[in-house]
Amino acid sequence: MPPRTRYDTISEIAKRRGFFWPSFEIYGGMSGYVTYGDLGTKLKRSIEALWKEYFVRKQGFLELDDPIINPERVFEASGHLENFKEYSAECTQCGRSFRADHLVEEKTGMENVEAMGGEAIKHLMLEHRIRCPNCGGELKEPVLFLPMFKTEIGATGGEVGYARPETAQAMFLNYKRGYQHAREKLPFAVAQSSKVMRNEISPRRGAIRVREFTIMELELFFDPQDPGCPWFREVENVVIKLSTEEMEAKEVKELLETSIGEAVEDGLILTEWQGYFMGVSQRFITALGMPPEKQRFRAHLPDERAHYSAQTYDHEVLFETWGWIEISGCAYRTDFDLRNHMEASGVDMTVLREDGTRYVPHVVEPSYGLDRLFLSVLEATYERKQKRNILHLPRELAPYQVAVFPLVTKDGLPEKAREVHDLLLDKGFWVVYDEAGSIGRRYARADEIGVPLAVAVDYDTLKNDVLTIRDRDTWKQVSLSLAELPGVLEAYFKGEKDFLDLGTLVIRG
RNA sequence: GCGACUGUAGUCUAGAGGUAUGAUUUCUGCCUGCCACGCAGACGGCCCGGGUUCGAUUCCCGGCAGUCGCACCA
């Protein structure tokens with residue numbers, strides 16, 4: 001058996017404690033789907049809330065919530081029906097599959113064969129007698145694979161619909177509303193966190209590649225003649241590690257360490273807006289617990305890029321088990337989408353400049369896979385210490401904020417601890433109460449799900465309302481009075497106080 | 001989708017053609033004056049379907065699922 005990986009351990013805890021597990025378990029499971037439990041749901045929501053802090057609230061950007069199933073013409077206009085598909089040809093001998101258009105390109109030197117369509121590809125394969133590159137066997141006719149879920153809308157089934165593979169189209173479809181609600185001023189942005197679906201051929205790596213997941217993305221609309229970002233100065237000194245398109249093409253292994261400001265100045269990042277979002281992204285991911293040295297930005301080569309993109313930088317984080325994993329893409333989509341929807345719908349989406357000229361806004365899009373961020377948080381914060389599992393979740397992400405324990409289960413301590421528990425619930429905290437087993441075991445149970453603070457009720461509490469708070473990360477304890485407790489906890493979770501400021505340090509033993 | 005390996009309590013495991021080992025978790029007592037203490041007890045399992053067999057969780061075939069490799073990942 002292969003050795004146990006960090007991901008094995010994390011997914012074992014995830015199942016056992018209720019972060020996430022494979023969906024449809026009782027019917028044998030279905031790959032590509034995961035279900036989030038109590039802890040997982042809460043953690044996911046708090047990651048989303050933090051994303052909103054970094055990408056929506058402070059900039060005054062707008063939000064949107066749009067349907068998952070879209071009529072076919074949306075994806076005709078967006079180019080997905082044309083581009084988001086592939087032709088695969090299977091070998092009759094060895095059974096391997098290959099992309100038919102790529103085989104034709106290799107043999108003939110032609111480019112963008114995919115766009116020629118299925119019939120043309122079939123003819124070219126026959127014409128050039130293309131055989132299996134693996135074993136030389138005969139290839140079957142190429143079959144079209146469209147990784148979008150197709151359905152019918154309405155009882156008569158007359159209207160074909162697809163589940164969206166990205167949320168971005170919603171921001172383009174509703175562009176005119178957003179423009180109106182932004183009081184017809186550019187730049188503005190519309191953000192959405194919602195589910196999308198992709199019919200992956202072979203989902204892998206647990207929750208890393210699934211068929212249904214949450215995307216958090218925003219579309220920033222700007223005038224290409226006025227491409228400055230008003231907040232660029234806030235991030236220009238953020239240092240990132242970069243692999244540029246040129247470096248990717250030359251397969252340079254080392255990363256370029258540079259500031260956002262320099263990278264934009266040197267033309268490595270095409271627009272200030274991309275630079276801005278990449279800088280914010282680095283800060284956001286760091287706030288999730290992933291240190292900067294485990295982050296990098298990697299440019300897409302033209303053939304890797306989406307059909308709409310002029311430049312894309314993936315933000316990647318380092319997983320012990322898998323290496324670098326993409327958690328975000330920051331794409332310069334130009335005016336591709338608005339232009340296509342304008343043409344297809346006949347609706348004018350241009351903006352009038354002061355000099356009387358009109359233009360179609362350009363778009364920069366930072367886009368996150370929430371489920372991958374979720375795994376990144378577990379990856380970044382999990383620690384095995386003295387045979388115990390500890391999740392060093394940032395305090396603003398922790399599903400439960402405070403655990404309350406009686407020191408021992410006698411002499412009225414449980415009753416007193418219940419009172420403290422109820423008080424904290426009334427004050428709005430997420431609290432767990434635990435009196436099973438020894439207090440050490442309860443600390444361990446709370447550590448495993450990342451509860452940052454544990455309040456212990458002991459004989460001093462009975463005597464004079466003094467209790468202790470124990471820190472998950474250092475195991476240090478401070479003491480304070482019950483009356484102070486709600487106030488200092490609030491300050492702690494707002495980030496206004498550090499643990500040692502919460503009370504008087506207790507030295508035991 | 002193809003190939004290799006794998007599938008046993010909630011979790012992690014041992015094992016054999018005659019329904020199964022151990023640990024841990026959980027629960028109940030006792031204990032416990034601060035880091036998974038100890039004692040006693042309880043709950044709980046052979047992925048699904050077919051075949052061979054007196055008998056299959058074990059062998060064979062298929063499915064489903066997992067890991068890895070190939071392909072794919074806008």
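Worth saying up front: this structure is predicted, and the values here are computed from it rather than measured. Chain A is the first sequence line, chain B the second, and so forth, proteins listed ahead of strands; every chain is numbered from 1.
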Looking at the base of [N], is there any donor atom on it, or on the side chain of [X], that sits under 3.5 Å from an acceptor on the other one?
| X | N | answer |
| --- | --- | --- |
| A/Glu326 | B/rC73 | no |
| A/Thr5 | B/rU67 | no |
| A/Tyr443 | B/rC34 | yes |
| A/Asp447 | B/rC35 | no |
| A/Arg472 | B/rC35 | no |

Assess the side chains of A/Asp411 and A/Tyr459: does a donor N or O sit below 3.5 Å from an acceptor N or O? yes
Would you say A/Tyr368 and A/Ser281 are linked by a side-chain donor-acceptor pair, where the criterion is simply a distance under 3.5 Å? yes
Distances under 3.5 Å between nitrogen or oxygen atoms of protein and nucleotides 37-39 of chain B:
| from | atom 1 | to | atom 2 | distance (Å) |
| --- | --- | --- | --- | --- |
| B/rC37 | OP1 | A/Arg441 | NH2 | 2.8 |
| B/rC37 | OP2 | A/Ser438 | OG | 2.5 |

Report which part of the nucleic acid [X] touches: base, sugar-phosphate, or nothing (heavy-atom distance under 4.0 Å, all strands).
| X | answer |
| --- | --- |
| A/Thr468 | base |
| A/Glu166 | nothing |
| A/Trp21 | nothing |
| A/Pro165 | base |
| A/Arg442 | nothing |
| A/Asn199 | nothing |

Taking the minimum atom-to-atom distance to the side chain of [X], which one of [options] wins?
| X | options | value |
| --- | --- | --- |
| A/Arg470 | B/rG33, B/rC35, B/rC68 | B/rC35 |
| A/Ala306 | B/rU32, B/rC35, B/rA74 | B/rA74 |
| A/Arg16 | B/rC27, B/rG66, B/rG10 | B/rG10 |
| A/Glu12 | B/rU11, B/rA36, B/rC34 | B/rU11 |
| A/Asn389 | B/rC31, B/rC73, B/rA36 | B/rA36 |
| A/Lys15 | B/rU11, B/rG33, B/rA74 | B/rU11 |
| A/Tyr308 | B/rA74, B/rU11, B/rC72 | B/rA74 |
| A/Ala436 | B/rG33, B/rC27, B/rA74 | B/rC27 |
| A/Arg209 | B/rC72, B/rC34, B/rC31 | B/rC72 |

Take atom [atom1] of [X] and atom [atom2] of [N], then tell me their distance rounded to the nearest Å.
| X | N | atom1 | atom2 | answer |
| --- | --- | --- | --- | --- |
| A/Tyr7 | B/rC68 | OH | C1' | 15 Å |
| A/Asp411 | B/rC31 | CG | P | 11 Å |
| A/Glu448 | B/rG10 | CD | P | 17 Å |
| A/Phe20 | B/rG66 | CZ | P | 12 Å |
| A/Arg384 | B/rU11 | CZ | C1' | 12 Å |
| A/Phe213 | B/rC73 | CZ | C1' | 10 Å |
| A/Arg6 | B/rU67 | CZ | C1' | 19 Å |
| A/His300 | B/rA74 | NE2 | C1' | 9 Å |

Of A/Pro203 and A/Trp475, the one whose closest nucleotide on RNA chain B sits nearer the 5' end is A/Trp475
Starting at the 5' end of RNA chain B and moving along, which residue's nearest nucleotide shows up first, A/Met30 or A/Asp434? A/Asp434
In whole Å, what separates the [atom1] atom of [N] from that of [M]?
| N | M | atom1 | value |
| --- | --- | --- | --- |
| B/rA42 | B/rA9 | C1' | 14 Å |
| B/rG15 | B/rG51 | C1' | 25 Å |
| B/rC47 | B/rA14 | P | 14 Å |
| B/rG3 | B/rC37 | P | 49 Å |
| B/rC46 | B/rU6 | C1' | 15 Å |
| B/rC64 | B/rU28 | C1' | 39 Å |
| B/rG63 | B/rG1 | P | 10 Å |
| B/rA20 | B/rU25 | P | 25 Å |

Compute the ring centroids of A/Tyr7 and A/Phe319, then answer whether they are less than 6.0 Å apart. no
Lys/Arg N to Asp/Glu carboxylate O, [X] vs [Y], below 4.0 Å:
| X | Y | result |
| --- | --- | --- |
| A/Arg16 | A/Glu448 | yes |
| A/Glu166 | A/Arg333 | yes |
| A/Asp465 | A/Lys416 | yes |
| A/Asp447 | A/Arg470 | yes |
| A/Glu212 | A/Lys195 | yes |
| A/Arg305 | A/Glu245 | yes |
| A/Asp38 | A/Lys42 | yes |

Across all strands shown, which nucleotide pairs with [N] by Watson-Crick or G-U wobble geometry, both distances under 3.5 Å?
| N | result |
| --- | --- |
| B/rC43 | none |
| B/rC31 | none |
| B/rA65 | B/rU6 |
| B/rU21 | none |

Is the shortest side-chain heavy-atom distance between A/Arg372 and A/Arg209 below 4.5 Å? yes
Does the side chain of A/Lys410 get closer than 4.0 angstrom to OP1 or OP2 of B/rU32 through an N or O atom? yes
